[in-house]
Amino acid sequence: MAAAGVVSGKDSSSVVEWTQAPKERAHRGSERLNSYEAEWDMVNTVSFKKKPHTNGDAPSHRNGKSKWSFLFSLTDLKSIKQNKEGMGWSYLVFCLKDDVILPALHFHQGDSKLLIDSLEKYVVLCESAQDKRTLLVNCQNKSLSQSFENLLDEPAYGLIQKIKKDPYTATMVGFSKVTNYIFDSLRGSDPSAHQRPPSEMADFLSDAIPGLKINQQEEPGFEVITRIDLGERPVVQRREPVSLEEWTKNIDSEGRILNVDNMKQMIFRGGLSHALRKQAWKFLLGYFPWDSTKEERTELQKQKTDEYFRMKLQWKSVSEEQEKRNSRLRDYRSLIEKDVNRTDRTNKFYEGQDNPGLILLHDILMTYCMYDFDLGYVQGMSDLLSPVLYVMENEVDAFWCFASYMDQMHQNFEEQMQGMKTQLIQLSTLLRLLDSGFCSYLESQDSGYLYFCFRWLLIRFKREFSFLDILRLWEVMWTELPCKNFHLLLCCAILESEKQQIMEKHYGFNEILKHINELSMKIDVEDVLCKAEAISLQMVKCKELPQAVCEILGLQDSEVTTPDSDIGEDENVGMTSCPTSSFYSNSLPVLAASEARDDNPPEISVSPNVSRLTPA
């Protein structure tokens with residue numbers, strides 16, 4: 001098979017090379033078409049220096065490849081012409097948008113369909129009405145577009161509105177309904193229409209939901225890696241939760257926390273005992289500076305108390321008549337009341353309709369709308385607040401801890417959802433590095449864009465774990481150890497645990513959505529934390545980690561080997577020698593987790609202080 005370069009990103013200097021694996025030359029058969037192990041694996045970006053030639057030119061190759069090799073950007077591709085069936089060797093002819101026709105790409109041993117199938121992951125192809133041998137790029141299906149418009153006809157109940165108002169419900173329920181509708185539109189009476197390009201479903205969903213398109217071509221380019229040996233994955237064990245005694249020993253006479261890095265490592269490894277959370281969370285969330293004295297924190301609390309009640313007074317003083325003329329405030333209140341009414345009632349703090357905890361939840365969220373009026377309230381925020389208020393037992397402290405948490409989570413709730421889009425792309429990159437076969441399977445079932453992880457990321461697993469387990473999970477994540485974006489490795493750990501069932505039972509799009517949704521409250525938090533840390537250790541120790549992965553994990557101080565470097569080894573292109581995280585170089589001895597975990601703290605009764613802060 002001839003070699004060809006295809007640029008798949010915005011940067012025209014980013015090159016993807018397509019070559020046939022030697023083992024496939026000897027073993028070509030029907031089983032190859034059913035294999036989810038593609039002979040090329042797309043991971044993510046690698047940049048090459050720009051070449052002086054233009055589209056269609058034949059660059060010289062130092063490694064001895066054919067002079068007829070060529071490269072072009074997929075964004076420039078207009079059509080692909082195929083050979084007539086039964087007429088000699090199969091071949092493809094690429095025609096570009098500027099009407100440049102490239103030399104025929106011959107496949108002396110067949111398998112040209114594999115390249116077409118792979119291209120369909122990144123562009124939409126359809127047969128030309130004039131010539132069935134010609135595949136047009138990015139053609140529009142007008143009837144399907146009309147069907148989607150009809151589907152979204154009712155603004156009050158449309159999918160887009162549901163996404164904005166209630167993202168986690170819409171993604172787990174709405175997508176399933178939309179998928180069935182699109183399947184029916186595509187299939188019609190033609191059985192051949194059942195086989196669709198793997199990324200087509202994502203394209204249609206993304207068109208309907210602006211800002212959520214998961215398309216890795218929006219990254220600077222792709223990096224082609226046949227396989228990366230990540231090395232052996234270590235076995236990780238957890239330690240016991242940090243006790244009040246251990247915390248107290250690390251405080252000096254003026255109330256400063258000593259050896260902050262060591263304390264964060266202890267919290268990462270075991271979490272916190274429940275009695276300590278009220279103190280420690282204020283530091284972990286950034287409400288209290290780690291180097292502050294007790295006196296400074298007391299003064300800060302006084303200032304923050306005054307500031308909080310001034311903001312609260314703003315919305316409390318709005319009359320009913322004024323609120324009727326303020327649609328945004330009215331909408332915020334309506335959404336908050338709806339969310340508060342469906343708060344998790346598994347502990348006494350939120351039991352009963354008129355429980356002071358529920359009243360405080362409402363008041364804090366309304367006050368947050370004054371604090372950040374542009375963002376206001378988006379459904380899902382109450383999920384982030386309820387555990388914080390449960391632990392703090394105090395309206396003011398809970399508000400400022402929540403505000404600090406929202407500083408981290410703000411992008412998740414913005415209208416364009418850029419933060420969600422970025423995280424889904426990053427998760428796809430990490431998962432493909434860990435298990436390209438599983439990613440290929442998900443793509444074959446229209447699930448490669450990982451929308452089923454949307455709720456996990458949006459509210460940080462709040463609805464996937466029990467109330468007490470989420471306290472443990474969040475405090476571990478707030479240490480920002482062992483690497484950046486550790487929550488994405490938690491996603492990988494969960495998906496890896498479910499891979500076998502999903503693939504062995506041949507789950508399709510709807511079954512995958514249903515299965516992931518039904519994992520709620522069935523995931524072992526300690527097991528997931530162990531697996532995610534083990535994955536991070538495995539990646540950090542890998543000497544050939546792709547640069548894109550290093551950036552996602554925050555391991556950016558590295559030297560990237562390129563074709564123009566002194567080493568000049570082609571096989572090292574795009575590979576990065578990432579530095580070992582300081583977390584691992586200074587980590588504590590790993591202790592086995594004790595059976596006597598502090599996972600069952602006593603139910604917290606509503607204190608007099610909470611009642612006092614509750615307005616009449």
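You'll find the side chain of Ser536 reaches within 4.5 Å of the side chain of Glu533, heavy atoms only. Residues Leu125 and Glu120 meet the side-chain proximity criterion, which asks for heavy atoms closer than 4.5 Å. Within the 4.5 Å cutoff, side-chain heavy atoms of Ser520 are placed close to those of Arg455. Side-chain contact between Cys95 and Ile80 is absent, with no heavy atoms from C-beta onward closer than 4.5 Å. Considering only heavy atoms from C-beta on, Glu498 comes within 4.5 Å of Leu519 through its side chain. In this structure, Cys491 and Leu430 have side chains that are not in contact, with every pair of non-hydrogen atoms separated by 4.5 Å or more. In this structure, Ser128 and Leu135 have side chains that are not in contact, with every pair of non-hydrogen atoms separated by 4.5 Å or more. In this structure the side chain of Lys78 reaches within 4.5 angstrom of the side chain of Asp99, judged on heavy atoms.
With sequence neighbours excluded, the residues satisfying ring-ring contact (aromatic ring centres under 6.0 Å, His included) with His515 are Tyr507.
Gln423 and Asn412 are linked by a side-chain donor-acceptor pair at a separation below 3.5 angstrom, with hydrogens and angles left out of the test. Side-chain polar atoms of Arg233 and Gln538 form a donor-acceptor pair below 3.5 angstrom. Side chain to side chain, Thr134 and Gln130 fail the donor-acceptor criterion of an N or O pair below 3.5 Å. Counting only N and O atoms by type, the side chains of Gln547 and Glu551 include a donor and acceptor under 3.5 Å apart.
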Which is it for Leu136 and Glu127 under the side-chain contact (heavy atoms from CB on, under 4.5 Å) test, yes or no, and what are the steps along the way? CA-CA 6 Å; Leu136 302 178; Glu127 284 186 359; over 6 Å; no

Before you tell me yes or no, could you show the steps for Lys541 and Leu230 under side-chain contact (heavy atoms from CB on, under 4.5 Å), namely the whole-Å CA-CA distance, both residues' side-chain angles and the distance that decides it to 0.1 Å? CA-CA 8 Å; Lys541 290 181 179 179; Leu230 292 175; over 6 Å; no

Where do Leu115 and Leu105 land on the side-chain contact (heavy atoms from CB on, under 4.5 Å) test, with the steps shown first? CA-CA 11 Å; Leu115 179 53; Leu105 187 63; 3.9 Å; yes

Residue pair Thr422, Gln426: steps toward the side chain to side chain donor-acceptor pair (under 3.5 Å) verdict: CA-CA 6 Å; Thr422 299; Gln426 291 174 335; over 6 Å; no

When you look at Leu92 and Ile116, which way does the side-chain contact (heavy atoms from CB on, under 4.5 Å) test go after all the steps? CA-CA 9 Å; Leu92 299 174; Ile116 294 294; 3.9 Å; yes

Run Glu464 and Lys522 through salt bridge (Lys or Arg N to Asp or Glu O under 4.0 Å) and show every step you take. CA-CA 8 Å; Glu464 317 315 316; Lys522 298 175 184 176; over 6 Å; no

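Taking CD1 of Ile228 as the reference point, atom NZ of Lys543 lies at 14.5 Å (rounded to 0.5 Å). To the nearest 0.5 Å, atoms CG (Leu74) and CZ (Phe94) are separated by 9.0 Å. Rounded to the nearest 0.5 Å, atoms CG (Leu442) and CD1 (Ile502) are 6.5 Å apart. The CG atom of Leu450 lies 6.0 Å from the CG atom of Leu431; values are rounded to the nearest 0.5 Å. Rounding to the nearest 0.5 angstrom, the gap separating the CG atom in Leu553 from the CD1 atom in Ile535 is 10.5 Å. Considering OG of Ser112 and CD of Gln82, their distance stands at 6.5 Å, rounded to 0.5 Å.
Here the side chain of Asn83 pairs a donor or acceptor atom with the backbone of Tyr91 at under 3.5 angstrom. Judged by distance alone, the side chain of Ser428 and the main-chain N or O of Leu424 form no donor-acceptor pair under 3.5 Å. Formation of a donor-acceptor pair under 3.5 Å by the Lys499 side chain with backbone atoms of Leu495 is not found in this model. The closest donor-acceptor contact from the side chain of Ser447 to the backbone of Phe509 lies at 3.5 Å or more, if one exists at all. Looking at Arg463, its side chain never comes within 3.5 Å of a backbone N or O of Trp456 through a donor-acceptor pair. A donor-acceptor pair is defined here as one N or O able to donate and one able to accept, closer than 3.5 Å; no such pair exists between the side chain of Asp76 and the backbone of Leu96. Formation of a donor-acceptor pair under 3.5 Å by the Arg460 side chain with backbone atoms of Leu457 is found in this model. Counting only distance, with no hydrogens or angles, the side chain of Asn485 and the backbone of Leu488 share no donor-acceptor pair below 3.5 Å.
The shortest heavy-atom contact between Leu458 and Met409 is O-CE, 3.4 Å. Closest non-hydrogen pair, Val528 versus Ala493, comes out as O-CB, 3.9 Å. Considering every non-hydrogen atom in both Phe454 and Met420, the closest pair reads O-CE, 3.4 Å. The heavy-atom pair separating Leu102 from Val93 by the smallest distance is O-CG1, 3.7 Å. For the pair Leu375 and Met406, the tightest heavy-atom approach, listed with the atom from each and the gap, is CD2-CE, 3.9 Å. What you find for Lys531 and Ser497 is that their closest heavy atoms are NZ-OG, 2.5 Å.
Residue Gln501 qualifies as enclosed at atom CD: its count of foreign heavy atoms under 6.0 Å is above 12.
Taking the six-membered ring where the residue is Trp, Phe461 and Phe465 present perpendicular rings, their angle passing 60° and hence far from 30°.
With respect to Lys514 and Glu518, a salt bridge is recorded, a charged nitrogen being found less than 4.0 Å from a carboxylate O.
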